[in-house]
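A quick write-up on the structure given underneath.
Computed from heavy atoms alone, side chains included, the values below leave out hydrogens, waters and symmetry copies. So that the names make sense, note that chain A is the first sequence line, chain B the second, and so on, each numbered from 1.
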Amino acid sequence: MPPSLQPPRVRFAPSPTGFLHVGNARTALYNWLFARHTGGAFLLRIEDTDLDRSEVRHEKQLMEDLLWLGIDWDEGPGVEGPHAPYRQSERLGIYREHTDRLLAEGKAYRCFCTTEQLEEERREAAAAHKPQVYSGRCRNLSDADSAARASRGEPFAVRLRIPDHPLRFHDIVRGVVEFPNETVSDPILVRSSGMPVYNYVVTLDDALMEITHVIRGDDHISNTPKQVAIYEAFGWKPPEFAHLSTILGSDRERLSKRHGATSVASFREMGILPEALVNYLALLGWGAEGGTRELFSREELVKEFRLERVTASPAIFDWEKLHWLNRHYLKAADPERIAELAWSYFAAAGFLAPRDEASPAAAVDAWFGRLLALFLPSANQLDELPAKAAFVFRFDPATAHANDENAALLATESAPKVLAAFAARVAAHAGSVNPEQFKTWMNEIKVETGAKGKDLFHPVRIAITGSHSGPEFDKLIPVLEDGSQLELPVHVLGVRERIEQFMGSVMGGGQ
RNA sequence: GGCGCCAUGGUGUAAUUGGUUAACACGCCGCCCUCUCAAGGCGGAGAGUUCGGGUUCGAUCCCCGAUGGCGCUACCA
């Protein structure tokens, strides 16, 4: 099979030094989509050469986050393949062999310069308005000299000899990118400590793992000429590159913790659905042909995604649009799945018992489903739900009275009459209140007091919910009434209890 | 300072690889629905494509320059 027809191999290579950031998640997603679209392979490689900052728990978290997004890998930790191992810390021997080869072939050389010398050089270059590249002091040391100093125990780093011609590469999203060779410094490949450097290791791994397309953030563009030179030094064919633009915050600064939640884990905790985040991230820097569609399932993305349509310009992260998508998927999702997810937020608020303690009574389950239906349409994220539904669990007449808007609505001439009439009917009524009963009462009160519309409903709404706005009575009343019959960590008050407490609080001098 | 990348309404993207009244979505505004807030439905405002040159009969699109933003400039990743 000609090389061009071989299935592509791509990789996502995060360093396990923290949480998976949305920017990296997008990079992972684009890699994954490209692989799935083309029938290629997607590998996960852990870049843990920074021993001080790398942690196993971060690596675990990383993998969990990827899987949560539905991004699975064909080769990588846990799925050992032909190019194992997939952790750089386990590949150190491989790197050493290759360095020896470069040294032997004169493609790389030992550099004995001290940090002080290098700093001095950099200062001079800056002062002379010239590129800050290594002077090449050790470039032409004779082999004998170099070997002698090394065997004498003098510490050295290994540098790559940058070739004498411009370094260019092809970038699928940007076209041909070229760097004059005099602007690229002979890069250090191996530190004097013996530890290989990131840029060297990635390149070696990419080549050895037969990566055909390197899709990564555009902060690596300036590293690419050095990497291209490494490919060249070994006589390997460089891969195709695709550098993705940066995701910015609303202030056009690179998106960071300063902008609030940016890790995939935090999105999950907030109650953003993975399908919403995937859809959003796909849209942030890519547009389907025609550009008029916004809603894409995972399968549709795989079908439509093409690297050629990725945008080169940076994109600003827009919560409003993510929320719009999340609302959409919250409504589109299987209600049972949403109920299960939402449950934990209510449990955390102390409104419901933790779900894993015992499987909840079917009655509670069904009731919770109806409760959710009341508030879900207006929720951007699942974690907003308990606050929206709080009045169901915690009814507070005093606060309701204290609210200025409520007070104004209760100060009308008709409000006290309406409330008295309503309270009287509830008091005279045995058993629970159903929506039909409620409707009948409201009609009677309308005739009796002459109040209608807002004047009629608002006082009652305040008396029952503590607020002048909220879900429709038709659906709300059964939820309140049925909830009051259930065994819950917090007793849900029924309509009767609410109106009694509310009227009592008026008498008790709530004002 | 040097090198590189980028530039279409507030935001994300389109525009048969030079010919459009510059399209779609989010957001915003208004209307409808409704006791209310959302949701939902309908409609509207908002860019002449950062600026200046050039090529062309004709540039969002090609070339040059400027400006601005961002990145890299480590024995960090």
Side-chain angles (χ1 to χ4, degrees), chain A residues 13-17 47-50 52-54 88 111 113-115 118-119 122 125-133 155-159 171 173-174 177-180 182-185 187-199 201-202 217-226 243 245-246 248 250 252-254 280 283-295 309 311-325 327 331 374-379 388 405 409 442 451-462 465 467-473:
Chain A
S15 34
T17 53
E47 310 263 330
D48 56 355
T49 39
D50 186 346
D52 297 334
R53 289 197 286 160
S54 298
Q88 291 188 330
C111 174
C113 295
T114 63
T115 346
L118 297 174
E119 256 166 47
R122 248 175 267 134
H129 295 195
K130 292 204 295 205
Q132 295 183 28
V133 294
F156 64 88
V158 177
R159 278 188 197 267
D171 189 301
V173 343
R174 287 150 218 270
V177 182
E178 185 177 290
F179 289 75
E182 56 273 11
T183 65
V184 357
S185 195
I188 295 219
L189 264 24
V190 182
R191 288 179 263 250
S192 47
S193 66
M195 252 329 241
V197 143
Y198 167 85
N199 264 302
V201 168
V202 210
D218 68 357
D219 48 336
H220 290 283
I221 289 181
S222 308
N223 289 330
T224 310
K226 295 174 185 170
H243 286 101
S245 64
T246 321
L248 308 175
S250 50
R252 299 196 165 271
E253 300 265 342
R254 187 180 215 168
Y280 179 67
L283 256 26
L284 203 60
W286 168 85
E289 201 149 8
T292 60
R293 279 184 63 201
E294 308 283 328
L295 263 16
R309 296 194 59 86
T311 322
S313 56
I316 293 174
F317 192 89
D318 182 13
W319 276 97
E320 307 269 19
K321 190 148 184 175
L322 207 213
H323 278 152
W324 170 69
L325 282 165
R327 270 182 266 139
K331 282 169 209 151
L374 253 35
F375 301 101
L376 203 58
S378 67
K388 286 180 189 292
E405 270 182 273
L409 291 164
M442 294 311 279
K452 57 181 179 179
K454 276 179 149 190
D455 288 337
L456 177 64
F457 282 92
H458 273 174
V460 175
R461 181 175 282 286
I462 293 169
T465 71
S467 168
H468 56 85
S469 72
E472 295 162 44
F473 281 119

Nearest to the A/Arg309 side chain among B/G12, B/A15, B/C5, which nucleotide is it? B/A15

Students often get this wrong, so: under 4.0 angstrom with heavy atoms, is A/Gly217 touching a base, only sugar-phosphate, or nothing? nothing

Quick one: does A/Glu178 reach the base of B/G4 with a side-chain donor-acceptor pair under 3.5 Å? no

Other residues, nucleotides, ligands: >12 heavy atoms within 6.0 Å of A/Lys130 NZ: no

Listed by chain and number, what are the ring-ring contact (aromatic ring centres under 6.0 Å, His included) partners of A/His323, not counting sequence neighbours? A/Trp319

Apply ring-ring contact (aromatic ring centres under 6.0 Å, His included) to A/Phe156 and list each qualifying residue two or more places apart in sequence or on a separate chain. A/Phe112

What does A/Thr311 touch in the nucleic acid at a heavy-atom separation under 4.0 angstrom: a base, only the sugar-phosphate, or nothing? sugar-phosphate

For A/Asn199, report the nucleic acid contact type (base, sugar-phosphate, nothing); a contact means any heavy atom under 4.0 Å. base

Determine whether a donor-acceptor pair (N or O, by modelled atom type, separation under 3.5 Å) exists between the side chain of A/Arg252 and the backbone of A/Ile316. no

Could you run through nucleotides 68-75 of chain B and give me one letter per nucleotide, 5' to 3': B if any protein heavy atom sits under 4.0 Å from the base, S if only the sugar-phosphate is that close, - if neither? --SBSSSB

Just checking A/Val460: base, sugar-phosphate only, or nothing, at a heavy-atom cut-off of under 4.0 Å? nothing

Please round to the nearest 0.5 Å and tell me the distance separating atom CG of A/Leu284 and atom CG of A/Asp318. 8.5 Å

Which protein N or O atoms sit under 3.5 Å from an N or O of nucleotides 20-23 of chain B?
none

Among residues at least two apart in sequence or on other chains, which ones pass side chain to side chain donor-acceptor pair (under 3.5 Å) with A/Glu47? A/Arg45, A/Gln88

Going 5' to 3' through nucleotides 35-52 of chain B and flagging B where a protein heavy-atom sits under 4.0 Å of the base, S where only the sugar-phosphate is that close, and - otherwise, we get BBBSSS------------

Quick one: salt bridge (Lys or Arg N to Asp or Glu O under 4.0 Å) partners of A/Arg309, sequence neighbours excluded? none

Quick one: list whatever passes salt bridge (Lys or Arg N to Asp or Glu O under 4.0 Å) with A/Lys226, sequence neighbours left out. none

Give me the distance, rounded to whole Å, that separates B/C42 from B/G12 when you measure between the C1' atoms they each carry. 24 Å

Work out how far the C1' atom of B/G2 is from that of B/A74, and round it to whole angstrom. 16 Å

For the C1' atoms, the ones on B/G27 and on B/G9, what distance do you get once it is rounded to whole angstrom? 12 Å

Which residues share a side chain to side chain donor-acceptor pair (under 3.5 Å) with A/His243, sequence neighbours left out: A/Asp171, A/Arg216, A/Thr224

In whole angstrom, give me the gap between the C1' atoms of B/C6 and B/U49. 15 Å

Quick check: on RNA chain B, is the nucleotide nearest A/Thr17 upstream (toward 5') of the one nearest A/Leu283, or the reverse? Name the residue that is more 5'. A/Leu283

Who pairs with A/Glu253 by salt bridge (Lys or Arg N to Asp or Glu O under 4.0 Å), at least two apart in sequence or on another chain? none

Separation of B/C24 P from A/Glu289 CD (nearest whole Å): 18 Å

Could you give the distance separating B/U16 and B/C61 at their P atoms, to the nearest angstrom? 13 Å

For A/Thr311 and A/Gly285, indicate whether the former's side chain and the latter's backbone hold a donor-acceptor pair under 3.5 Å. yes

With heavy atoms under 4.0 Å as the rule, sort A/Glu47 into base, sugar-phosphate or nothing. sugar-phosphate

How far does the C1' atom of B/A66 sit from the matching atom of B/G30, given to the nearest Å? 43 Å

Watson-Crick or G-U pairs under 3.5 Å in RNA chain B, rendered as dot-bracket with [ ] for crossing pairs and | for another strand: (((((((..((((.....[...)))).(((((.......))))).....(((((..]....))))))))))))....

Just label B/G48 as syn or anti from its O4'-C1'-N9-C4 or O4'-C1'-N1-C2 angle, using within 90° of 0 for syn. syn

Could you work out the separation of B/C75 and B/C63 based on their P atoms and round it to a whole Å? 36 Å

Not counting sequence neighbours, which residues clear side-chain contact (heavy atoms from CB on, under 4.5 Å) with A/Thr114? List them please. A/Glu116, A/Gln117

Pick the C1' atom in B/A77 and in B/U73, then give their distance to the nearest Å. 15 Å

A/Pro180, nearest nucleotide to its side chain (from B/C24, B/C3, B/G27): B/C3

